[in-house]
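Letters A, B, ... mirror the listed sequences (proteins, then strands); counts begin at 1.
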Amino acid sequence: MNEITPRLRFAPSPTGYLHIGGLRTALYNYLFAKNKNGKLILRIEDTDRKRFVEGAIENLIDTLNWAGISFDEGPDIGGEFSPYLQSERLGIYKELAQKLISEGKAYYCFCTPERLEKLKEEQQKQKLPQAKYDKYCLHLSKTEIEEKLNSCIPHVIRLNVKPDQKIIFDDVIRGTVEFETNNIDDQVLLKSDGFPTYHLANVVDDHLMAISHVIRGEEWLSSTPKHIILYDYFGWEKPIFAHLPLLLNPDKSKLSKRQGDVAVEDYREKGYLKEALINFVALLGWNYGDDKEFYEIDELIEKFSLERVHKSGAVFNIEKLNWLNFEHLRRKPDTEVLKMLRAEIEKSEFKDNKYSDEYLLKVISAMKERVSFIKEYLSKSPYFFHAPETYEEQNLKKRWKEDSAELLNKLKERFELLNNPSKEDFEKVLDEIASQLGISKGQLVHPLRIAVSGVGEGPGVYDIVYILGKEETISRINVALQKLS
RNA sequence: GGCGCGUUCGUCUAGUGGCUUAGGACGCCGCCCUCUCAAGGCGGAGAUCGCGGGUUCGAAUCCCGCACGCGCUACCA
């Protein structure tokens, strides 16, 4: 059918935020579509009015945009198969459900929730292998149905599943999967509020929107036979199915809230790069077959294939994500890091301070290999943004000796003679003093580091001092001398 | 309970009958580099490939059974 241009879709329901598992599903659809020169459609499955969340759709689209997953059709961009909001397609579902009824492939059901509840209880008590609707309303007479319909008794439309048949279908990832219709319930297709259930709406829209490949989470595998039945009842060609392995919590259950962050926006807020998140999530369930782990989106598109998607679930391991964030961040050009750093400063206590681009660029080159997140420029090297107010206790104990103040004072005096010093100039001065006094460089370096940064770790001291500049360095030494003598 | 899917180092994974003393990565540990911390280099610990049977000269790789895990079992998606 659509072998020339595959049509893919990502069809989330607007429950408030984009789940990290949803991001991966969207990504795989995107990668597949791009790889095959196909189209990607965004469809919103807002058929559950009870779960409707204000602003969820906007949020979903915003997050997808942030992640760089772009669509060819969707509620915000329109397209040939509009509308892309299921809540705006109610008439279509109703009409098709009625068509099924007229052909005996579906039927009205007037059973109350109470009767359904009771039925379930009884079936459980009898230890029946599976709890299913008993098709009670299938056997209502025409006049009974008319009567109930006319007196506006709440009703649903159910799928009429024929017993004793086998439903067999191929899944790109799992191979041939087989179900027996005896294990399939007469699923509700149209709810009493006139909204369709997922099963009806999904099948109808996938067909009407000419979707060629359905790539979705494994949680849908069990209900795929219902969808197959629907395709067959309608006489429609079936799409190709691919059920993705689940993303798991550390305890191997389906990735969920409670056990950590599952919303993409949480990671975004924490400062994760979209490149890192995409890279990470792509590798959770897919691998090209080699040892490569660092990917940019273009290469992912080029190499992705469904055939190499795994069958088993993958635990979401934050350590590796952090590493990938570091790897992606360090590869960014300094000018881009500068922009991000400026944005971070704006949000921080240093927002009123003025730093030149030249200065910040020096900070970036000094700290680049030491930070995994932009905000760490501020948290790991605050001394580049303001003078230290306190000095790390532990470090002081270890590195601040009896003679430190005196040595530091000597160093300061020599620094004062310097004119527009380079990093090497600072180093030379320190070298000279050390050899003149016959002491190790460490005896000067460590106190200097403490005085100037307040902490015991960071870039080379000469780098710090050079970046800070002569005036600031001397002023910090003075303060330290005062406080520590 | 029923049905379905899955099972290689802690985690992500390579592996599709011999090239495997099961490879890589993250994390962990050690050494080197070094003014510190990183980065980098080198090395280490870590998987009897869920278990038990087969098939085969030979199995992580093929077949069967079992166990365990997960998913589904809603007028939720």
Side-chain angles (χ1 to χ4, degrees), chain A residues 11-15 45-48 50-51 109 111 113 116 120 123-124 127-132 154-158 171 173-175 177-180 182-185 187-199 201-202 216-225 243 245-246 248 250-254 280 283-294 310-324 326 330 366-372 380-381 395 398-399 427 430 440-450 453 455-462 464:
Chain A
S13 62
T15 53
E45 312 228 323
D46 55 344
T47 56
D48 186 358
K50 294 188 288 293
R51 292 219 290 183
C109 173
C111 290
L116 262 19
K120 204 170 168 184
Q123 285 173 334
Q124 266 164 4
K127 296 214 163 156
L128 247 50
Q130 69 273 333
K132 275 172 35 178
H155 60 275
V156 301
I157 294 177
R158 282 181 185 277
D171 184 284
I173 295 165
R174 322 222 159 233
V177 185
E178 210 177 302
F179 289 85
E180 292 196 19
N182 291 352
N183 292 317
I184 301 170
D185 201 2
Q187 186 61 235
V188 170
L189 263 20
L190 209 67
K191 301 182 249 185
S192 57
D193 62 2
F195 277 65
T197 57
Y198 172 87
H199 309 283
N202 191 262
R216 69 206 333 181
E218 193 193 325
E219 67 267 33
W220 295 109
L221 191 60
S222 299
S223 38
T224 304
H243 288 93
L246 259 19
L248 273 21
D251 72 355
K252 307 259 184 189
S253 58
K254 187 164 126 183
F280 176 63
L283 258 19
L284 247 32
W286 172 86
N287 177 285
Y288 184 65
D290 55 16
D291 289 337
K292 190 176 168 66
E293 303 216 68
F294 182 88
H310 305 145
K311 292 172 164 67
S312 52
V315 173
F316 188 93
N317 175 220
I318 198 101
E319 299 283 358
K320 197 142 188 176
L321 208 209
N322 290 342
W323 170 72
L324 275 171
F326 167 69
R330 72 189 299 204
M367 289 300 293
K368 211 167 192 186
E369 282 172 349
R370 286 164 243 264
V371 298
S372 294
K380 285 195 169 175
S381 56
N395 200 253
K398 196 170 157 199
R399 307 286 194 188
E427 186 166 5
L430 196 139
S440 75
K441 282 163 72 176
Q443 285 172 269
L444 291 166
V445 160
H446 294 300
L448 178 59
R449 174 184 291 283
I450 293 174
S453 77
V455 295
E457 57 202 46
V461 178
Y462 310 122
I464 297 180

Please tell me which of A/E457 and A/P250 maps to the more 5' nucleotide of RNA chain B, matching each residue to the nucleotide holding its nearest heavy atom. A/P250
Roughly how far apart, to the nearest Å, are B/rU20 and B/rC5 at atom P? 35 Å
For the pair A/R174 (side chain) and A/H243 (backbone), establish whether a donor and an acceptor sit closer than 3.5 Å, ignoring hydrogens and angles. yes
Classify the angle between the aromatic ring planes of A/H199 and A/W220 as parallel (below 30°), tilted (30 to 60°) or perpendicular (above 60°). perpendicular
Base, sugar-phosphate, or nothing for A/H243, non-hydrogen atoms under 4.0 angstrom? nothing
Scan A/F179 against the nucleic acid and name what it touches under 4.0 Å (heavy atoms): base, sugar-phosphate only, or nothing. sugar-phosphate
With rounding to the closest Å, how many angstrom separate the C1' atoms on B/rG46 and B/rG30? 15 Å
If you look at every strand shown and take non-hydrogen atoms under 4.0 Å, does A/R449 touch a base, only sugar-phosphate, or nothing? base
Check every strand shown and say whether A/G289 touches a base, only sugar-phosphate, or nothing at a heavy-atom separation below 4.0 Å. sugar-phosphate
What is the nucleic acid contact for A/E319, judged by heavy atoms within less than 4.0 Å: base, sugar-phosphate only, or nothing? sugar-phosphate
Over all strands shown, is A/K120 touching base, sugar-phosphate only, or nothing at heavy-atom distances under 4.0 angstrom? sugar-phosphate
With a 3.5 Å distance limit and no angle check, can you tell me whether A/K254 reaches the backbone of A/E219 through a side-chain donor-acceptor pair? no
Which whole number of Å gives the distance between the C1' atom of B/rG10 and that of B/rG71? 24 Å
Euclidean distance for C1', B/rC9 against B/rG23 (whole angstrom): 12 Å
Can you find a heavy atom in the side chain of A/L430 that is under 4.5 Å from one in the side chain of A/L448? yes
With sequence neighbours excluded, tell me which residues meet ring-ring contact (aromatic ring centres under 6.0 Å, His included) with A/F326. none
Across the strands shown, which category fits A/F294 at heavy-atom distances under 4.0 angstrom: base, sugar-phosphate, nothing? nothing
Give one of base, sugar-phosphate or nothing for A/P245, where a contact means two heavy atoms less than 4.0 Å apart. nothing
Work out how far the C1' atom of B/rA59 is from that of B/rG52, and round it to whole angstrom. 15 Å
With a 4.0 Å cut-off on heavy atoms, is A/G285 in touch with a base, just the backbone sugar-phosphate, or nothing at all? sugar-phosphate
Under 3.5 Å for both donor-acceptor distances, Watson-Crick or wobble: does B/rU11 have a partner, and if so which one? B/rA25
If you look at every strand shown and take non-hydrogen atoms under 4.0 Å, does A/S312 touch a base, only sugar-phosphate, or nothing? sugar-phosphate
Heavy atoms under 4.0 Å, any strand shown: does A/K132 hit a base, just sugar-phosphate, or nothing? nothing
Give one of base, sugar-phosphate or nothing for A/E180, where a contact means two heavy atoms less than 4.0 Å apart. nothing
B/rU48 -> Watson-Crick or G-U wobble partner, both distances under 3.5 Å, gives none
Select base, sugar-phosphate, or nothing to describe what A/V156 touches, counting heavy atoms under 4.0 Å on all strands. base
Under a criterion of less than 4.0 angstrom to any heavy atom of chain A, what are the 5'-terminal and 3'-terminal contacting nucleotides of RNA chain B? B/rG1 to B/rA77
Is the side chain of A/S453 donor-acceptor paired with the backbone N or O of A/V455 at a distance under 3.5 Å, no angle test? yes
For A/V461, report the nucleic acid contact type (base, sugar-phosphate, nothing); a contact means any heavy atom under 4.0 Å. base
Rounding to an integer number of angstrom, what distance separates B/rA60 and B/rU21 when you compare their P atoms? 10 Å
Could you work out the separation of B/rC3 and B/rG65 based on their P atoms and round it to a whole Å? 14 Å
Which heavy-atom pair separates A/S312 from A/P245 by the least distance, and what is that distance? O-CB, 3.2 Å
Watson-Crick or G-U wobble mate for B/rG71, both contacts under 3.5 Å: B/rC3
5' precedence on RNA chain B between A/K254 and A/V177 (nearest-nucleotide basis): A/V177
Could you tell me how far B/rG44 sits from B/rG4 if I compare only their C1' atoms? Round to whole Å. 43 Å
Taking side chain as C-beta onward, heavy atoms only, is A/H155 less than 4.5 Å from A/C109? no
Let me see the working for A/R449 and A/E457 under salt bridge (charged side-chain N to carboxylate O under 4.0 Å, His left out), right down to the final yes or no. CA-CA 8 Å; A/R449 174 184 291 283; A/E457 57 202 46; over 6 Å; no
